[in-house]
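Below: the structure, in structure tokens.
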Amino acid sequence: MADRLRFAPSPTGYLHVGGARTALFNWLYAKHYGGEFLLRIEDTDKARSTDESTRAIFDGMEWLGLSWNEDVVYQGANLERHQRDARLLLERDKAYRCFCTPEELDQRRKDAEARKDTFRYDRRCDRLSKDEIERRVAAGMPHTIRFRVPDDQSTTWNDLVHGDITFPNKDIDDFVVLRSDATPIYNLAVVSDDIAMRITLVMRGDDHISNTPKQIMLYQALGAALPRFAHLPMIHGTDGKKLSKRHGATAVGDYQHLGILPEAMLNFLALLGWSPGNDIEVMSVADMIRLFSTEHLSKKAAIFDPKKLEWMNGQHLSMASAERLLPVIAPALEAAGLASRADVDARRDWFLRLIDLLKIRARTIDDIVRQATPYLRDSIEYDSDAVAKQWKDRDSAVQLLSAVRDRLASAEWNLAAMEESLRQLADTLGTSAGKLFQPLRVALTGLTASPGIFDVLETLGRERSLARIEAAVAYLRKRDAA
RNA sequence: GGCGGUAUCGUCUAGGGGCCUAGGACACAGCCCUCUCAAGGCUGGAACACGGGUUCGAAUCCCGUUACCGCUACCA
């Protein structure tokens, strides 16, 4: 029997990494065990919900490739059913009308606190006579609908990650299910929708553990079959506290813009609260689906470590083909003003080769863009440290570079020929290869670090390489004179 | 305060009574490779929260303590 799962975010911000992780596990479960993965937008809090946030959730899900089955369900569209379910509870005597105002409740809560008592709703409205209730309703007195918790029992379920969890009902207050403005409270809306959507496995953050007994009671009162529950551990910031704005990037969109690959994000998120065992870490999406198991879910909250995410991204960057990377790198180059669309299309192979050179030494797309700069700009800037270190002795630098230029000018422009030629030159000059290549590297890129020097020469091309060496020589002479 | 959950290197984790002088990964340090930087390889430091049980034997099971987290709204 295939399970039906859902991811049910409220559109009050962006798609949070915690939410993304929850969505991922639901999705992986559906993919691995065979099931349906649905999406429900919980927009009942009209004050905080925005279309922009809903859009951000879709964008995030799309970027990550977390596709859902069936149409998106908007909780707000189910108001009538929620109200009907609340009425049903009333009719079945599972709930009662409560005329206490928020102010009164608040006051009683404060009083209890002052006495160091635990506040409990005292059920005074449940003791109202039938006549009194009718009188108040007729008089149009605002009231909520409160669920009457059967307090002589306890509620237990077998959680997929935690095993048996039991709550004594006496510790659970009679809770409101329908506000005085006739809108539903979260627990009712969730249960009503999950029943309607025929959800059979509720997998969500473990901050919902204490909501679960209330929801189970609602299922029972409504006469619906219970789903199974799986409560996933939370994700915390580096200080061990709940992930929030203070921790920097927490929205998946942030990572997209930081140059993280979706498959790396997924891989990293998958390892927060799950492990395939066998020391496996770097996985493709297909690997994750194949390996996913409910047996290896962790109970412990995990701390989000951006450093490991970057490393993971570096791994995926290295593994990805240049063809796979080009569609994401090209727009980044364009945004940085380094290459136009037309440029990339016209010299596709050249760009592919450049990506192959850079991806292995980059951890993010941004790294690649940064490192690609010398190959895409007409002129380069000399890094001051590079100049200080590699062109310390200007005279010999000029001599070296001039000799290289002469050699290269007559060399065949391919890797093997250039390498042979320059190594021979180093020999002739009685110097080491490094002593020759480093100053040349600065002349070609302005930097001390780059791909192999012959790859750089080849990528830059004969004309541009020779021009850069020429420019470096001129620069050094000018500095000499000054 | 009440209730619930969790507890292995700084971090992510393996581990589900003997295979553990606790394994892998990130980060950190060193070495190797090397034209630089990465990548890769090797090495190192680094953990079973504490206290009681159960058992021939516990990181693994039970109880308590502590710490952390969550819930305790006419928020979701």
Side-chain angles (χ1 to χ4, degrees), chain A residues 8-10 12 42-45 47-49 75 98 100-102 105-106 109 112-113 116-120 142-146 159 162 165-168 170-173 175-187 189-190 205-214 231 233-234 236 238 240-242 268 271-282 295-296 298-305 307-312 314-315 318 358-363 367 371 386 390 419 422-423 426 432-438 440-442 445 447-454 456:
Chain A
S10 48
T12 55
E42 308 215 320
D43 53 355
T44 48
D45 185 349
R48 290 194 295 158
S49 300
Q75 191 160 64
C98 174
C100 300
T101 66
L105 258 10
D106 215 43
R109 236 183 299 264
E113 198 175 337
K116 299 220 168 183
D117 270 354
T118 313
F119 174 80
R120 312 287 333 266
H143 60 272
T144 61
I145 292 179
R146 237 177 233 282
D159 197 275
H162 295 273
I165 300 181
T166 301
F167 280 78
K170 66 174 171 52
D171 293 320
I172 302 171
D173 243 9
F175 54 97
V176 173
V177 290
L178 200 73
R179 297 186 186 90
S180 52
D181 67 356
T183 59
I185 283 293
Y186 172 74
N187 282 311
V190 166
D206 67 15
D207 49 340
H208 286 290
I209 285 180
S210 24
N211 278 141
T212 307
K214 297 179 188 175
H231 287 95
M234 304 267 80
H236 290 162
T238 35
K241 296 263 180 0
K242 194 171 172 162
F268 176 73
L271 261 18
L272 258 31
W274 172 67
S275 162
N278 296 118
D279 297 334
I280 297 169
E281 299 240 39
V282 181
E295 305 294 306
H296 295 275
S298 159
K299 300 180 175 74
K300 197 183 130 198
I303 289 173
F304 188 94
D305 179 9
K307 277 276 208 318
K308 187 153 185 176
L309 204 212
E310 279 207 359
W311 167 79
M312 184 66 79
Q315 295 293 309
S318 299
L358 301 180
K359 67 174 191 170
I360 194 152
R361 55 202 96 219
R363 293 204 149 189
D367 282 345
Q371 290 174 28
Q390 304 302 342
E419 173 150 16
L422 289 193
R423 285 197 188 276
S432 69
K435 288 268 193 309
L436 189 62
F437 298 167
Q438 276 302 83
L440 174 58
R441 173 168 279 111
V442 179
T445 67
L447 308 168
T448 49
S450 83
I453 199 73
F454 307 107
V456 172

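Bear in mind that the values here come from a model prediction, so they are computed numbers and not experimental data. Within every chain, numbering begins at 1; the chains are lettered A, B, ... in the order of the sequence lines, protein sequences first and strands thereafter. Below, all heavy atoms of this structure are taken into account, side chains as well, without hydrogens, waters or symmetry copies.
Regarding contacts with the backbone of G5(B), every side-chain N or O of Lys300(A) stays at 4.0 angstrom or more from both OP1 and OP2. At the phosphate of A76(B), neither OP1 nor OP2 sits under 4.0 Å from any side-chain N or O atom of His208(A). When the side-chain nitrogen and oxygen atoms of Arg109(A) are compared with OP1 and OP2 of A73(B), one or more of them lie within a distance under 4.0 Å. Here Ser318(A) does not reach the OP1 or OP2 of A38(B): none of its side-chain N or O atoms lies under 4.0 Å away.
Residue-level contact check: Gly434(A) touches the backbone only, with heavy atoms under 4.0 Å from sugar-phosphate atoms and none from bases. Looking at heavy-atom distances under 4.0 Å, Thr44(A) makes contact with sugar-phosphate atoms alone, never a base. Within 4.0 Å of Pro451(A), counting heavy atoms only, lies at least one base atom of the nucleic acid. Tyr186(A) comes within 4.0 angstrom of a nucleotide base, judged by non-hydrogen atoms across all strands. Contacts of Cys100(A) with the nucleic acid, taken as non-hydrogen atoms under 4.0 Å apart, include base atoms. Within 4.0 Å (heavy atoms only), Ile453(A) reaches at least one base atom of the nucleic acid. If you check every strand for non-hydrogen atoms under 4.0 Å, Asn211(A) touches a base. As judged by a 4.0 angstrom heavy-atom cut-off over every strand, Gly205(A) is placed among residues making no nucleic acid contact. The residue Thr166(A) sits close only to the backbone: its heavy atoms come under 4.0 Å of sugar-phosphate atoms, none of a base. Residue contacts shown for Lys299(A) are limited to sugar-phosphate atoms, with no base heavy atom under 4.0 Å away.
Note: CG (Asp173(A)) to P (G4(B)) measures 15 Å, nearest angstrom. As rounded to whole Å, 12 Å separates atom C1' of U36(B) from atom CD of Gln371(A). Atom NE2 in His236(A) sits about 10 Å away from atom C1' in U6(B), given to the nearest Å. Whole-Å rounding puts the Phe167(A) CZ to C3(B) C1' distance at 7 Å. Here G2(B) presents its P atom at 17 Å from CD1 of Ile172(A), a figure rounded to the nearest Å. Between the CZ atom of Phe119(A) and the P atom of G1(B) there is a distance of 19 Å, rounded to whole Å.
One C1' atom belongs to A14(B), the other to C19(B), and the distance between them is 14 Å to the nearest Å. Rounded to the nearest Å, the gap between the P atom of G18(B) and that of U34(B) is 46 Å. Between A67(B) and U55(B), the distance separating the two P atoms is 31 Å to the nearest Å. Annotation: C9(B) and G2(B) have their P atoms spaced 29 Å apart (nearest Å). Nucleotides C37(B) and A29(B), compared at atom P, are 14 Å apart to the nearest Å.
Look at C26(B): its Watson-Crick or wobble partner, with both distances under 3.5 angstrom, is G10(B). Under the Watson-Crick and G-U wobble criteria, each requiring two contacts below 3.5 Å, nucleotide C31(B) is paired to G41(B). Summarising the base pairing, A59(B) is matched to no nucleotide, lacking a Watson-Crick or G-U wobble pair whose two defining distances lie under 3.5 Å. When both pairing distances are held under 3.5 Å, C68(B) makes a Watson-Crick or G-U pair with G5(B).
Side-chain proximity of Thr118(A) to the nucleotides C37(B), G5(B), G2(B) is greatest for G2(B). For Arg48(A), taking side-chain heavy atoms from C-beta onward, the closest of the listed nucleotides C12(B), A76(B), U6(B) is A76(B). With U36(B), C35(B), U11(B) as the choices, the nucleotide that has an atom nearest any side-chain atom of Arg361(A) turns out to be U36(B). Picking from C12(B), G5(B), A73(B) the nucleotide with the shortest atom distance to the side chain of Ala302(A) gives C12(B). Among the nucleotides C3(B), U36(B), C74(B), the one closest to the side chain of Gln438(A) is U36(B).
The nearest pair of heavy atoms linking Arg120(A) to Ile172(A) is NH2-O, 3.3 Å.
Position along RNA chain B of the nearest nucleotide to Phe304(A) versus Ser275(A) favours Phe304(A) as the more 5'-ward residue. Annotation: of the two residues near RNA chain B, Arg146(A) and Asp207(A), the 5′-most nearest-nucleotide partner is Asp207(A).
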Let me have a per-nucleotide readout for nucleotides 22-34 of chain B, 5' to 3', with B, S or -, counting only protein heavy atoms under 4.0 Å. -BBBSS-------
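The CG atom of Leu309(A) sits 4.5 Å away from the CZ atom of Phe304(A) when rounded to the nearest 0.5 Å.
The closest donor-acceptor contact from the side chain of His231(A) to the backbone of Asp159(A) lies at 3.5 Å or more, if one exists at all.
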